[in-house]
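What you see is a predicted model; the values in this text were computed from it and never measured.
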Amino acid sequence: MLVTLATPYVDTSAADLSLALDGVEHPALHVLHVDLPGGVQVRLRLLGASHQVVLRAPGAALTETVACLPGRRPDLPDRVHDESVGYRFTATVLRPGDDALRERVAALRAGLADDPYALVGVFPGDVDAVTALAVRPGPPGGALGWGTWHAYPQTRELVVTETAVTLR
């Protein structure tokens, strides 16, 4: 699903982002509810300060926020692996040139616009200022994954995150 947002984004570069797994839901600009087999519910949430994914499943509850968070020092780790809860997260900051960033963002918008498991938010002022989220459901009772993309045309950065959660 492709949405045009009516508010400027708060985070302005990859250096502004933090990862939080604290369960606090922040005000969302747009939310996509995804119901999956086995009672798994995922909410993809676009924030003015980036994204949030809320997972509710039998035996599992998780809220992942990657955003510019008030009161928190920016700190986006390259990876987090917590096998005790079956959570794996990676983040990569790419710095493509202007044309390459435009091409990658255009491909994201085109590839995810009609995906029922994806949400792409375009911020005002630049068609390349996007935050995109896509769920990749696994077999029921198995793993669930999602990817996110945060494009910052003013700094020519693309932040790509990948998350996998083992459902027990």
Side-chain angles (χ1 to χ4, degrees), residues 1-3 9-11 13-95 104-105 107-109 111-121 130-152 157-168:
M1 170 185 292
L2 180 67
V3 296
Y9 54 108
V10 176
D11 54 317
S13 74
D16 292 336
L17 298 174
S18 292
L19 171 67
L21 300 171
D22 56 13
V24 176
E25 290 191 35
H26 299 277
L29 302 173
H30 198 86
V31 179
L32 176 65
H33 296 268
V34 179
D35 292 320
L36 300 170
V40 177
Q41 298 177 331
V42 179
R43 289 193 313 266
L44 303 177
R45 307 176 85 242
L46 290 172
L47 311 178
S50 276
H51 90 263
Q52 202 167 50
V53 176
V54 178
L55 167 66
R56 299 292 181 257
L62 174 75
T63 301
E64 173 190 275
T65 306
V66 173
C68 173
L69 298 168
R72 183 186 289 255
R73 244 181 74 222
D75 179 27
L76 184 65
D78 292 339
R79 66 187 46 188
V80 174
H81 296 271
D82 186 343
E83 295 305 322
S84 68
V85 295
Y87 178 80
R88 301 179 125 225
F89 170 89
T90 60
T92 305
V93 179
L94 305 173
R95 292 178 176 82
R104 287 185 84 141
V105 171
L108 270 175
R109 283 192 314 265
L112 298 177
D114 296 323
D115 185 334
Y117 298 121
L119 178 59
V120 181
V130 303
T131 296
L133 304 92
V135 174
R136 288 180 297 284
L144 176 71
W146 57 84
T148 73
W149 301 264
H150 305 256
Y152 302 102
E157 295 174 307
L158 180 64
V159 178
V160 180
T161 74
E162 295 285 332
T163 301
V165 177
T166 302
L167 301 176
R168 301 173 197 256

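- Partners of R104 according to the salt bridge (Lys or Arg N to Asp or Glu O under 4.0 Å) rule, which considers only residues two or more places apart in sequence or in another chain, do not exist here.
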For W149 and L158: C-alpha separation, side-chain torsions, deciding distance, then whether side-chain contact (heavy atoms from CB on, under 4.5 Å) applies.
CA-CA 7 Å; W149 301 264; L158 180 64; 4.2 Å; yes
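- A15 is linked by a side-chain contact (heavy atoms from CB on, under 4.5 Å) to S13, counting only residues two or more places apart in sequence or in another chain.
- Looking at residues two or more places apart in sequence or on another chain, you find no salt bridge (Lys or Arg N to Asp or Glu O under 4.0 Å) involving R56.
- Among residues at least two apart or in separate chains, there is no ring-ring contact (aromatic ring centres under 6.0 Å, His included) pair with a member in residues 57-94.
- Here the closest heavy-atom approach between residue L69 and residue S18 is recorded as CD1-CB, 4.1 Å.
- Qualifying side-chain contact (heavy atoms from CB on, under 4.5 Å) partners for D78, counting only residues two or more places apart in sequence or in other chains: none.
- With sequence neighbours left out, T148 forms a side-chain contact (heavy atoms from CB on, under 4.5 Å) with H51, L133, W146, H150, T161.
- In terms of the salt bridge (Lys or Arg N to Asp or Glu O under 4.0 Å) criterion, D35 has no residue partners (sequence neighbours excluded).
- At a threshold of 4.5 Å between non-hydrogen side-chain atoms, the residues P74 and L17 do not count as touching.
- Considering only residues two or more places apart in sequence or on other chains, E64 meets the salt bridge (Lys or Arg N to Asp or Glu O under 4.0 Å) condition with none of them.
- The shortest distance between side-chain heavy atoms of V120 and L108 does not fall below 4.5 Å.
- Residue pairs meeting the salt bridge (Lys or Arg N to Asp or Glu O under 4.0 Å) criterion with at least one partner in residues 81-90, sequence neighbours excluded, are E83-R88.
- Partners of T92 according to the side-chain contact (heavy atoms from CB on, under 4.5 Å) rule, which considers only residues two or more places apart in sequence or in another chain, are L94.
- In this structure E162 satisfies the side chain to side chain donor-acceptor pair (under 3.5 Å) test together with R136, sequence neighbours excluded.
- Residues V42 and Y117 form no side-chain contact, since every pair of their non-hydrogen atoms from C-beta on lies 4.5 Å or further apart.
- Using a 4.5 Å cut-off on side-chain heavy atoms (C-beta onward), L55 and V165 make contact.
- For the residue pair A91 and P77, the shortest heavy atom distance occurs at CB-O, 3.5 Å.
- No side-chain donor-acceptor contact under 3.5 Å links S50 to the backbone of T131.
- Residues A60 and L167 approach most closely at CB-CD2, 4.3 Å, considering heavy atoms.
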List, one per line, each side-chain donor-acceptor pair under 3.5 Å for residues 19-30, sequence neighbours excluded.
unit_1	atom_1	unit_2	atom_2	d
D22	OD1	V24	N	3.1
E25	OE1	R43	NH2	3.0
E25	OE2	R43	NH2	2.4

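- Nearest heavy atom pair, residue V159 against residue A14, reads CG2-CB, 3.5 Å.
- One finds the CZ atom of R79 at 6.5 Å from the OG1 atom of T90 (value rounded to the nearest 0.5 Å).
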